[in-house]
Amino acid sequence: MAVMKFGGTSVGTARAMQQAISIVDRERVNAVPLVVLSACSGITNKLVRIADAAGRGAIDEAMDLAGDVRTFHFALLDELIKSDVLKKEVAVKIEELAGRLEMLIKGVDIVGELTERSRDMFCSFGELFSTTVFAAAMKDQGHNVEWIDVRTVMITDDNFGFARPVNDVCEENVHRIISPLLQQGTVVVTQGYIGATKTGKTTTLGRGGSDFSAALLGAWLNENAIQIWTDVDGVMTCDPRMVPEARSIRVMTFSEAAELAYLGAKVLHPDTIAPAVQKNIPVYVLNSVHPDAKGTIITNDPERLSGMSYDGLVKSIAIKKGQCIINVRSNRMFGRHGFMNELFDVFACYGVSVEMVATSEVSVSLTVDDKSVSDELIQKLQGLGDVDLEHHVATISVVGDNLRMSRGVAGRIFSSLKDVNLRMISQGASEINVGFVVEESEVITAVNNLHREFFSGLQNEGIFETPAGSLQGVTVVKEQ
Ligand code: ADP
Ligand code: ASP
Ligand code: MG
């Protein structure tokens with residue numbers, strides 16, 4: 001049995017949805033799948049804009065955008081569903097969702113304030129809409145299918161915007177609500193990304209969180225496989241939007257995939273791997289546009305891995321843009337203990353997550369998400385020393401299990417980057433990544449140089465493959 005998760009682009013148009021339905025249909029021959037969907041591509045971003053507009057009292061703008069969301073899903077419904085009876089039934093559901101979205105806009109406008117809780121409520125509509133249309137389209141085509149509101153299953157804490165599940169409650173819910181349906185042969189379609197608190201308040205797991213939902217549900221169900229269907233041929237040697245020569249990676253270990261995701265490879269939500277590791281379930285990253293392409297298997301199964309042993313050093317390169325370097329200099333650091341404690345306390349106090357760190361005797365350099373830098377944070381840091389900031393930088397990390405014991409990697413990295421202005425360098429404690437920071441304007445040069453250094457000349461057989469329908473030379477613009 002498998003959990004099949006389809007991302008935004010994989011359900012972003014009627015054609016894409018139809019393709020996803022055929023993929024589910026194909027899997028159905030082996031076992032009855034649980035289907036987890038994202039919102040249609042672009043919709044969550046629109047919902048964020050609606051929330052922001054409502055919060056600042058721009059009600060006309062919010063209503064217009066909500067109208068677009070409604071129209072978009074009606075058009076999908078029209079294209080996908082043939083039966084008039086079903087069409088009417090689903091139209092009522094879409095109208096109801098659109099009505100609730102409008103009510104929420106009015107509510108936030110009246111209160112004059114957008115809380116994190118209402119923001120999650122806004123963001124939840126995308127997945128509710130997409131799954132409603134998808135389940136109906138499957139039903140229209142004669143499938144035995146049931147739509148489940150995942151908020152009855154995915155019970156989370158109340159950390160709105162970054163909620164985490166209450167595991168034992170969820171596991172119990174999965175066995176009570178989802179398992180019996182699958183066992184009786186009914187395909188279950190549900191939402192990724194969203195959940196609810198014990199008291200029924202809608203929450204979200206964070207942007208891109210549908211991968212995480214699928215992994216959690218797969219682990220609770222003890223499935224044989226977690227399939228992440230997306231718009232590229234699996235995890236690749238670099239983001240193909242940055243490096244047109246990027247190759248698909250056939251096999252990765254859990255630690256490589258987790259590291260890569262945490263370091264910025266958007267293809268997987270960073271938390272996806274943990275539930276899979278816990279139950280030792282392989283994660284497949286597959287391309288819904290080319291369902292026959294092999295994609296990537298993420299596993300610790302020695303048999304799978306040994307067939308794909310790889311002498312090279314680097315498996316993949318991850319990029320995180322929109323970062324800021326914060327340099328703190330203080331003579332007080334010299335020979336004194338407790339300084340780092342005080343420094344990190346400041347970041348903890350403002351809930352800012354520190355990504356990369358490099359230290360010398362009298363200075364510390366850190367990277368954080370540019371959006372998390374506030375005047376208050378900087379003022380507090382100035383109490384510890386001189387502070388300067390470098391905005392618009394990106395972290396680049398090379399990742400690979402083989403980095404652990406290899407010599408000469410740093411030399412190769414830095415000679416390939418001799419023309420790039422490196423702002424900071426750091427080696428991860430896991431020893432399977434080496435990271436550095438460059439100005440955003442130099443990212444493309446840096447990653448293409450690195451990619452050439454570590455991957456050029458590799459053949460198409462074995463662990464790397466040229467992706468089917470390769471994006472080479474094509475600039476892809478897409479929205480969540
Ligand atoms: P989905 O909507 O299916 O969840 P995402 O946009 O979240 O898809 O993730 C897929 C995208 O991740 C790809 O289109 C690609 O541009 C980007 N990406 C970044 N790094 C990598 C990588 N190493 N391998 C593959 N894709 C990557
Ligand atoms: N729809 C959500 C987002 O755009 C979740 C996801 O796509 O995984 O962030
Ligand atoms: Mg995603």
Side-chain angles (χ1 to χ4, degrees), residues 4-12 16 20 36-49 69 119-120 122-131 150 161-163 191-195 203-215 227-250 252 256-257 259-272 285-289 293 295-296 298 314-321 396-400 443 447 451 455 464-465 467 469-471 474-480:
M4 309 177 79
K5 176 262 171 177
F6 291 88
T9 330
S10 306
V11 292
V36 177
L37 302 186
S38 290
C40 302
S41 157
I43 295 297
T44 310
N45 278 355
K46 220 163 224 169
L47 292 166
V48 171
R49 281 169 59 200
V69 171
R119 186 185 285 280
D120 271 6
F122 276 107
C123 288
S124 69
F125 280 93
E127 274 70 10
L128 293 171
F129 275 118
S130 67
T131 50
V150 83
F162 195 73
Q191 307 80 38
Y193 177 55
I194 70 174
T203 54
T204 68
L205 308 181
R207 292 303 302 270
S210 297
D211 301 333
F212 183 36
S213 305
Q227 299 177 3
I228 306 291
W229 290 88
T230 182
D231 58 358
V232 282
D233 275 5
V235 183
M236 302 178 72
T237 50
C238 193
D239 186 340
R241 282 180 291 182
M242 307 266 181
V243 176
E245 283 79 30
R247 310 278 185 92
S248 300
I249 305 169
R250 295 283 314 283
M252 300 186 89
E256 283 173 332
E259 196 86 354
L260 198 62
Y262 278 112
L263 294 169
K266 188 173 168 252
V267 64
L268 276 181
H269 183 277
D271 292 334
T272 312
V285 183
L286 300 157
N287 189 345
S288 64
V289 184
T296 303
I298 302 166
V314 175
K315 271 273 181 72
S316 189
I317 304 166
I319 304 147
K320 215 179 245 184
K321 285 189 174 178
I396 299 180
S397 314
V398 298
V399 177
V443 168
V447 291
H451 198 272
F455 298 104
F464 298 111
E465 290 208 358
S470 162
L471 290 172
V474 179
T475 310
V476 181
V477 181
K478 69 169 195 173
E479 257 199 290
Q480 288 268 283

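For ligands, and for the atoms within them, numbers begin at 1 and follow the listed sequence.
- Listed by number with element, the atoms of ligand 1 under 4.0 Å from a non-hydrogen atom of Arg241 are 15 (C), 16 (O), 17 (C).
- Close approach of ligand 2 to Ser38 is summarised as follows: ligand atoms under 4.0 Å from at least one heavy atom of the residue are 6 (C), 7 (O), 8 (O).
- Of the listed options Met242, Met236, Lys315, Met236 places a heavy atom closest to atom 23 (N) of ligand 1.
- At a threshold of 4.5 Å between non-hydrogen side-chain atoms, the residues Val243 and Phe455 do not count as touching.
- Under the side-chain contact (heavy atoms from CB on, under 4.5 Å) test applied with Leu268, the options Leu260, Thr296, Thr230, Ile298 reduce to a single match, Ile298.
- In the candidate list Val399, Val267, Asp211, Val267 is nearest to atom 26 (N) of ligand 1, counting heavy atoms.
- The side chain of Lys5, and not its backbone, has at least one atom closer than 4.0 Å to an atom of ligand 1 (non-hydrogen atoms only; side chain from C-beta on).
- Atom CZ of Phe212 sits about 12.0 Å away from atom CD1 of Ile228, to the nearest 0.5 Å.
- Annotation for ligand 2: atoms under 4.0 Å from non-hydrogen atoms of Thr44 are 1 (N), 2 (C), 3 (C), 4 (O).
- Contact between Gly209 and ligand 2 is present, with at least one heavy atom of the residue lying under 4.0 Å from the ligand.
- One option in Ser316, Gly234, Ala265, Ser41 has a heavy atom closer to atom 25 (C) of ligand 1 than any other, and that option is Gly234.
- The proximity of His269 to ligand 2, defined as any non-hydrogen pair under 4.0 Å, does not occur for either the backbone or the side chain.
- Heavy-atom proximity to Arg207, at under 4.0 Å, picks out these atoms of ligand 2: 3 (C), 4 (O), 9 (O).
- Counting heavy atoms from C-beta outward, Ser210 and Leu37 have side chains that stay 4.5 Å or more apart.
- Residues Met242 and Ile317 fail the side-chain proximity criterion, which asks for heavy atoms closer than 4.5 Å.
- An N or O contact shorter than 3.5 Å is missing between Tyr193 and ligand 2 by distance.
- Checked by atom type, the side-chain pair Asp120/Thr204 shows a donor-acceptor distance below 3.5 Å.
- Residue contacts with ligand 1, taken as heavy atom pairs separated by less than 4.0 Å, involve Asp239 via backbone and side-chain atoms alike.
- Listed by number with element, the atoms of ligand 1 under 4.0 angstrom from any heavy atom of Thr230 are 1 (P), 3 (O), 8 (O), 10 (C).
- Looking at Ser10 and Lys5, their side chains never come closer than 4.5 Å, going by heavy atoms from C-beta outward.
- When each of Ile249, Thr237, Val399, Val398 is tested with Lys315 by the rule side-chain contact (heavy atoms from CB on, under 4.5 Å), just one qualifies, namely Ile249.
- The closest side-chain heavy-atom distance from Arg207 to Asn45 is below 4.5 Å.
- For ligand 1, the polar-atom distance check finds no N/O of Pro240 at less than 3.5 Å from any of the ligand's N/O atoms.
- Remark: ligand 1 atoms within the under-4.0 Å shell around heavy atoms of Val235 are 24 (N).
- Note that the OG atom of Ser288 and the CG atom of Asp231 stand 7.0 Å from one another [nearest 0.5 Å].
- Under 4.0 Å from ligand 1, heavy atoms of Lys266 appear from its side chain as well as its backbone.
- Less than 4.0 angstrom separates some heavy atom of Glu127 from each of these atoms of ligand 2: 1 (N), 2 (C), 5 (C).
- Within ligand 1, the atoms closer than 4.0 Å to a non-hydrogen atom of Asp231 are 10 (C), 13 (C), 14 (O), numbered from 1 in the order shown.
- By the side-chain hydrogen bond (donor to acceptor under 3.5 Å, both in side chains) test, Ser213 is found to be paired with no residue, residues two or more places apart in sequence or in another chain being considered.
- Among the atoms of Ser10, none of the N or O lies under 3.5 angstrom from an N or O of ligand 1.
- The shortest side-chain heavy-atom distance between Val285 and Trp229 does not fall under the 4.5 Å cut-off.
- Contact between Gly208 and ligand 2 is present, with at least one heavy atom of the residue lying under 4.0 Å from the ligand.
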